[in-house]
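All remarks here apply to the structure that follows.
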Number of protein chains: 2
Amino acid sequence: MGEADWATADGSTDPGRACPIGPVVDLVFSRWTTPILWTLNEHGRQRYVELQRRVAAITPKVLTQRLRQLERDGLVRRTYHAEVPPRVEYEITELGRSLAPLFASLVEWSAANLDRVEQARQEYDDTPAR
Amino acid sequence: MGEADWATADGSTDPGRACPIGPVVDLVFSRWTTPILWTLNEHGRQRYVELQRRVAAITPKVLTQRLRQLERDGLVRRTYHAEVPPRVEYEITELGRSLAPLFASLVEWSAANLDRVEQARQEYDDTPAR
DNA sequence: CAGTATCCCTGGCGATACTG
DNA sequence: CAGTATCGCCAGGGATACTG
């Protein structure tokens with residue numbers, strides 16, 4: 001909570017993402033990654049098709065893209081079983097699981113404050129002088 | 001942490017965002033909102049131009065868009081002073097400030113684990129059999 | 001100063017079809 | 001089953017210029 005923590009090591013401001021949580025936000029909160037991680041964390045090791053069913057509305061292309069990215073980032077582990085038919089299982093890694101408390105905090109915050117947000121929107125929309 | 005918390009109240013799965021933190025992610029972690037909230041939280045009440053300078057590389061159009069959205073969501077308060085030249089100040093609200101612990105957790109997680117992510121990427125990229 | 005207004009452009013996503 | 005491959009789109013963002 002320092003006064004100038006948003007400055008980078010070399011003293012210059014980081015253009016674009018002038019805050020220290022930029023990287024982790026890109027990592028965890030980019031599109032589709034949160035539902036995927038959530039599902040993996042909640043339902044344990046799963047096959048590709050199970051994921052596709054649980055993370056509704058995601059197309060196979062995008063699901064694969066995100067899974068590859070998560071695997072590369074070390075948050076998800078992919079296990080290929082050379083059988084017929086082939087079986088691939090995905091599971092969350094220890095590193096991925098370390099995000100669970102964070103997710104829990106997010107859930108807590110939502111439960112406590114999301115209605116306030118909705119209320120604020122209502123008031124904003126109901127104000128004619130804008 | 002129930003077994004089927006990703007199901008909505010009516011028993012159906014929520015298409016697209018099959019996890020309970022979907023809404024708060026959209027609210028807080030959509031593009032540009034995190035650096036804006038961070039800056040507002042770190043440097044207190046500021047004028048439009050100060051924000052524009054601190055959140056580097058953001059264009060005025062987008063900055064205004066995001067500020068309006070944050071105002072509507074009740075996370076930011078806008079104060080217009082009818083002077084010449086006009087002066088507008090933005091500050092984080094109590095509701096917005098309630099996100100601070102969350103941000104702090106994110107910073108902590110980054111400090112503890114971001115190097116592991118980088119390491120995982122290195123290993124992934126250095127593996128030829130892919 | 002604090003924004004609008006306009007135009008443009010891209011990359012991410014969706015849909016669909018196909019394969020080892 | 002577990003993905004690729006290809007195509008098309010369009011919302012969101014960037015650049016630039018202008019205004020009360």
Side-chain angles (χ1 to χ4, degrees), chain A residues 14-18 22 25-36 39-40 43 45-73 76-91 124 129-130, chain B residues 13-19 22 25-36 39-40 43 45-73 76-91 124 129-130:
Chain A
D14 180 1
R17 298 211 147 282
V25 169
D26 287 345
L27 189 73
V28 181
F29 300 106
S30 45
R31 199 162 153 82
W32 292 115
T33 59
T34 355
I36 292 174
T39 302
L40 247 18
H43 299 276
R45 174 183 296 179
Q46 299 165 67
R47 308 178 62 164
Y48 184 86
V49 165
E50 298 180 276
L51 274 173
Q52 195 177 358
R53 204 164 320 148
R54 289 208 167 100
V55 184
I58 196 172
T59 61
K61 188 189 74 173
V62 176
L63 178 57
T64 302
Q65 279 179 352
R66 302 272 79 113
L67 283 172
R68 289 288 186 279
Q69 180 188 332
L70 290 169
E71 189 194 358
R72 189 175 105 99
D73 293 341
V76 160
R77 177 164 33 251
R78 176 181 184 269
T79 314
Y80 180 83
H81 304 269
E83 309 169 352
V84 183
R87 183 165 54 96
V88 178
E89 291 184 317
Y90 292 91
E91 60 186 324
Y124 186 95
R130 187 99 33 208
Chain B
T13 63
D14 180 2
R17 298 210 147 283
C19 78
V25 169
D26 286 347
L27 189 73
V28 182
F29 300 106
S30 46
R31 200 162 153 81
W32 291 115
T33 59
T34 353
I36 291 174
T39 302
L40 246 17
H43 299 277
R45 174 183 295 181
Q46 300 164 67
R47 309 178 62 163
Y48 185 86
V49 165
E50 298 181 276
L51 274 172
Q52 195 177 359
R53 204 165 320 148
R54 288 206 167 104
V55 184
I58 196 172
T59 60
K61 188 188 73 172
V62 177
L63 178 56
T64 303
Q65 279 178 353
R66 301 273 80 111
L67 283 172
R68 289 288 187 278
Q69 180 188 332
L70 289 168
E71 189 194 358
R72 188 176 106 101
D73 293 341
V76 161
R77 178 165 32 252
R78 176 180 183 270
T79 314
Y80 181 84
H81 304 269
E83 309 170 349
V84 183
R87 183 164 55 96
V88 178
E89 291 183 316
Y90 292 92
E91 62 185 323
Y124 186 96
R130 187 82 52 192

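Chain letters run A, B, ... following the sequence lines, proteins first and then strands; every chain starts at 1. All values derive from a computational prediction rather than experimental measurement. Note: hydrogens, waters and symmetry copies are ignored here, and every other heavy atom, side chains too, is used.
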Discussion item. Pick the closest DNA chain C nucleotide for B:Pro85 and for A:Val62 by heavy atoms, then say which residue is nearer the 5' end.
Written reply: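 On the 5' side of the pair lies B:Pro85.
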
Without decimals, in angstroms, what is the distance between [X] [atom1] and [N] [atom2]?
| X | N | atom1 | atom2 | result |
| --- | --- | --- | --- | --- |
| B:Leu51 | C:dC1 | CG | P | 14 Å |
| B:Leu63 | D:dG14 | CG | P | 11 Å |
| A:Gln52 | C:dA15 | CD | C1' | 13 Å |
| B:Tyr80 | C:dA2 | OH | P | 10 Å |
| B:Ile58 | D:dG12 | CD1 | C1' | 13 Å |
| B:Ile36 | D:dG13 | CD1 | P | 10 Å |
| A:Tyr48 | D:dC1 | OH | P | 12 Å |
| B:Leu67 | C:dG3 | CG | P | 8 Å |

Worksheet item: Taking the side chain of B:Arg31 as its heavy atoms from C-beta onward, which of C:dA2, C:dC13, D:dG13 lies nearest to it?
Response: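 The closest nucleotide is D:dG13.
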
Give a yes/no on whether any side-chain N or O of [X] is located under 4.0 angstrom from OP1 or OP2 of [N].
| X | N | value |
| --- | --- | --- |
| B:Arg47 | C:dA2 | yes |
| A:Arg78 | D:dG3 | yes |
| B:Arg66 | C:dG3 | no |
| B:Tyr90 | C:dC1 | no |
| A:Arg68 | D:dA2 | no |

Worksheet item: Are the side chain of B:Gln46 and the backbone N or O of B:Thr39 linked by a donor-acceptor pair below 3.5 Å?
Response: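 Judged by distance alone, yes, a pair lies under 3.5 Å.
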
Worksheet item: Do any N or O atoms from the side chain of A:Thr33 and from the backbone of A:Val28 form a donor-acceptor pair under 3.5 angstrom?
Response: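 Here the side-chain-to-backbone pair exists.
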
Counting C-beta onward and ignoring hydrogens, is there a side-chain heavy-atom pair between [X] and [Y] closer than 4.5 Å?
| X | Y | result |
| --- | --- | --- |
| A:Leu63 | A:Val55 | no |
| B:Leu67 | B:Leu51 | yes |
| A:Arg78 | A:Arg68 | yes |
| B:Asp73 | A:Tyr124 | no |

Discussion item. Between A:Gln69 and A:Arg66, do the side chains contain a donor N or O and an acceptor N or O under 3.5 Å apart?
Written reply: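 Yes, A:Gln69 and A:Arg66 have a side-chain donor paired with an acceptor closer than 3.5 Å.
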
Discussion item. Each nucleotide in nucleotides 15-20 of chain D should get exactly one letter: B, S or -. Can you fill that in based on protein heavy atoms under 4.0 Å?
Written reply: B----B

Worksheet item: Reading DNA chain D 5' to 3', what string of ( ), [ ], | and . shows its pairs, if Watson-Crick and G-U wobble pairs count only when both distances fall under 3.5 Å?
Response: ||||||||||||||||||||

Practice prompt. State the CZ-CZ distance between A:Arg53 and A:Arg47, to the nearest 0.5 angstrom.
Written response: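 That separation rounds to 10.0 Å.
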
Worksheet item: Got a second to check how far B:Ile36's CD1 is from B:Gln52's CD, nearest 0.5 Å?
Response: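 Answer rounded to 0.5 Å: 10.5 Å.
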
Item to complete: Look at the rings of B:Phe29 and A:Phe29 and say which category their plane angle falls in: under 30° parallel, 30 to 60° tilted, over 60° perpendicular.
Response: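 Parallel, since the angle between the ring planes stays under 30°.
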
